[in-house]
Amino acid sequence: MTHVSSSSLAEPTRSPREVFTAISGLVVGMFVAVLSGTVVSTSMPVIIADLGGTQSQYTWVITASLLATAVSTPIWGKLADLVDRKVLVQISLIIFTVGTVIAGFSTDTNMLIAVRVIQGIGVGGLMSLVMIAVALIISPRERGKYMGVVGGIMALGTIGGPLLGGLLTDVWGWRSNFFVGVPFALLALVLLQFTLHLPKPQRDTRVSIDYFGIVLLAVGVSTLLIWVSMGGSQFDWDSSTSIMLVVTAAVAIAGFITVEFFVKEPIVPMSLFRNRTFTLSVIASIAIGVSMFATSVFLAQYFQLARGATPTESGLMTIPMIIGQMGASIIIGQLVSRFGKWKGWMLTGSALTTIGVSLMATLRYDTPFPLVATYMFVLGAGLGMVMQNLTLIVQNDTNPKQLGAASSNVNFFRTIAGTIGVTVMGSLLSTSVASYMSDALEGFTPTTPDEVDALTHLASGDVPKVTQLPDTIRAIVEGAYGHGIADAFIIAIPLAVISIIAIAFIRNKPLSTKNAAEQLREQAEESVLDVSEAEVGANMSTGTIRISAAQASTATGSVTVLEHDREDEQGREPRN
């Protein structure tokens, strides 16, 4: 006879209002991250020009944050499987906010790059932990309905950020961009403290953190990015420096993979790759990540350096892209939640992404804006259909005990790919722009002091202030940047095709109607019952057993189990 105290395990169904209350702090936290990122996107050319940065440094300001985000994402995710998730969310938000404020006081480009690393560590936590927390609260089948509304709030930050950033830059200067999100960050911390209640991970042993793996991962990825971004410009591809960087990156990455097979709590559990859904989703994430990050980085440059727009105008011009992305995310999220069908939408999204990046590769400085807006809308809609659903289907087909690692590693590989992609595209852009300018200026003879000064500034490699250039040289610069940015998007085309193939082979598993916390409780019940039945069978030959009140901890309560008592063999009465 086995008795299970199911009442202690039952969790009342949350109403929509209770769900939104529970995730309110998470939503505001994500809003802060989105706003702080988008608010500087349109002013970045102005920031780099004001700090005297080069095109290479422009790319590294973006890459530094992405690199820190990529390296820290799986670490945050693994910690979410080990320690209090609520505390982790709060810590990541604090780190991000501190980094953002310090960035506002940057005195040169190198300082800005360094501080962006701090920002990236915080973003890595927010991006992975928020999705993990949502998975614990909401089932995959219902998640689209809630995430659609959340997507609308994110759209406010995404659409309003560039506009607000451009306005702040034009009126108060670019430094004000870094302080606007602080009040929202403080609000998020308060809401998280009072509204977010998550089950704590249950561990039978002490927490074990893979410090060696963290170091190897950071060294391997960082060295690889340094080689990709500086090769061909700071040193020759076949130089001793290049060879040393390649060997260091290869040894560190190989060492990291080896270590992950043997450590107790790996940052990237290699067992995850036995899951077909996870592996194919990672491949698709790699392809989608390049398109996503490249668009966010290079669109501001296109509008300001190739079309001569102000930061405010640049923000307005990106609205078609944002409407496409957020609109598709909200609408498709609702449809997935209502009908439980996801694969058709993801295939459609990956196809639209491929079409979108192909169209972006045809841009020129004088491409009619209605066409540019159409290209951006198509690409945005494709990304919106795919990005959130990749994480959804991985969470739907992963053991909830590995929820943190699986969710964060999808984001990790997407960010790593995006970082490497942006670095490679930035290097190609820098080379292409220099080549196009050199060809266009061949035989050009300056006739005014302004033209002489402009050519001297361009020769330094610094990002130019297009609006201050003489008309004759401005047209050349705009044409070079328009053509160079289009060339950079060519790299994303074959990767987008790969995403279609990967998604096509993902198993079309129905979405579960149970959230991760409920699945963990079920697993705990089954484990306890299996142990109890084994004990009953083992003791049938010796006589009696007693039913005790021994408690087995689960995420939300306790389970009453059968225990064997040797004293019962001596004739004592069993106790309930």
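Because the structure is a prediction, the values reported are computed rather than measured.
Considering only heavy atoms from C-beta on, Val182 stays 4.5 Å or farther from Phe178 through its side chain. Using a 4.5 Å heavy-atom cutoff, the side chains of Phe377 and Ile323 are in contact. Taking the side chain as every heavy atom from C-beta outward, Met111 and Asp108 approach each other to under 4.5 Å. Side-chain atoms of Ile393 and Ser281, non-hydrogen and from C-beta on, do get closer than 4.5 Å to each other. Side-chain contact between Met346 and Leu390 is present, with at least one heavy-atom pair separated by less than 4.5 Å. Between Asp487 and Leu429, every side-chain heavy-atom pair lies at or beyond the 4.5 Å cut-off. Using a 4.5 Å heavy-atom threshold, the side chains of Gln304 and Val46 count as touching. Side-chain contact between Ile91 and Trp76 is present, with heavy atoms from C-beta onward closer than 4.5 Å.
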Inset, instruction - Could you please spell out the steps behind the side-chain contact (heavy atoms from CB on, under 4.5 Å) verdict for Leu383 and Ser291? - result: CA-CA 8 Å; Leu383 293 174; Ser291 300; 4.2 Å; yes
Inset, instruction - Would you please test Met385 and Thr353 for side-chain contact (heavy atoms from CB on, under 4.5 Å) and show each step? - result: CA-CA 9 Å; Met385 290 182 184; Thr353 300; over 6 Å; no
Inset, instruction - With side-chain contact (heavy atoms from CB on, under 4.5 Å) as the test, would you mind laying out the steps for Val372 and Arg307 before giving the verdict? - result: CA-CA 12 Å; Val372 178; Arg307 303 186 76 99; 3.9 Å; yes
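Of all non-hydrogen atoms in Pro320 and Met317, the two that sit nearest each other are CD-O, 3.3 Å. Residues Ala68 and Ile121 come closest through the heavy atom pair CB-N, 3.8 Å. In plain terms, the two heavy atoms of Ser106 and Leu51 that are nearest each other are O-CD2, 4.2 Å. Met425 and Ile491 get closest at one heavy-atom pair: CG-CD1, 3.8 Å. Of all non-hydrogen atoms in Val386 and Gly349, the two that sit nearest each other are CG2-C, 3.6 Å. Between Val28 and Ala188, the closest heavy-atom pair is CG1-CB, 3.6 Å.
Atom CZ of Phe179 has more than 12 heavy atoms from other residues, nucleotides or ligands within 6.0 Å.
Here Ile498 contributes atom CD1 and Ile288 contributes atom CD1; the two are 11.0 Å apart, rounded to the nearest 0.5 Å. Atom CG of residue Leu316 and atom CD of residue Glu313 lie 7.5 Å apart, to the nearest 0.5 angstrom. With rounding to the nearest 0.5 angstrom, the CG atom of Leu245 is 6.5 Å from the OG1 atom of Thr248.
Looking only at distances, no side-chain donor or acceptor of Arg116 sits under 3.5 Å from a matching main-chain atom of Ala64. Checked by atom type and distance alone, the side chain of Asn389 never pairs as donor or acceptor with a backbone atom of Leu392 at under 3.5 Å.
Checked against a 6.0 Å centroid threshold, the rings of Phe278 and Phe273 count as neighbours. Taking the six-membered ring for Trp and the full ring otherwise, Tyr481 and Phe298 have centroids separated by 6.0 Å or more.
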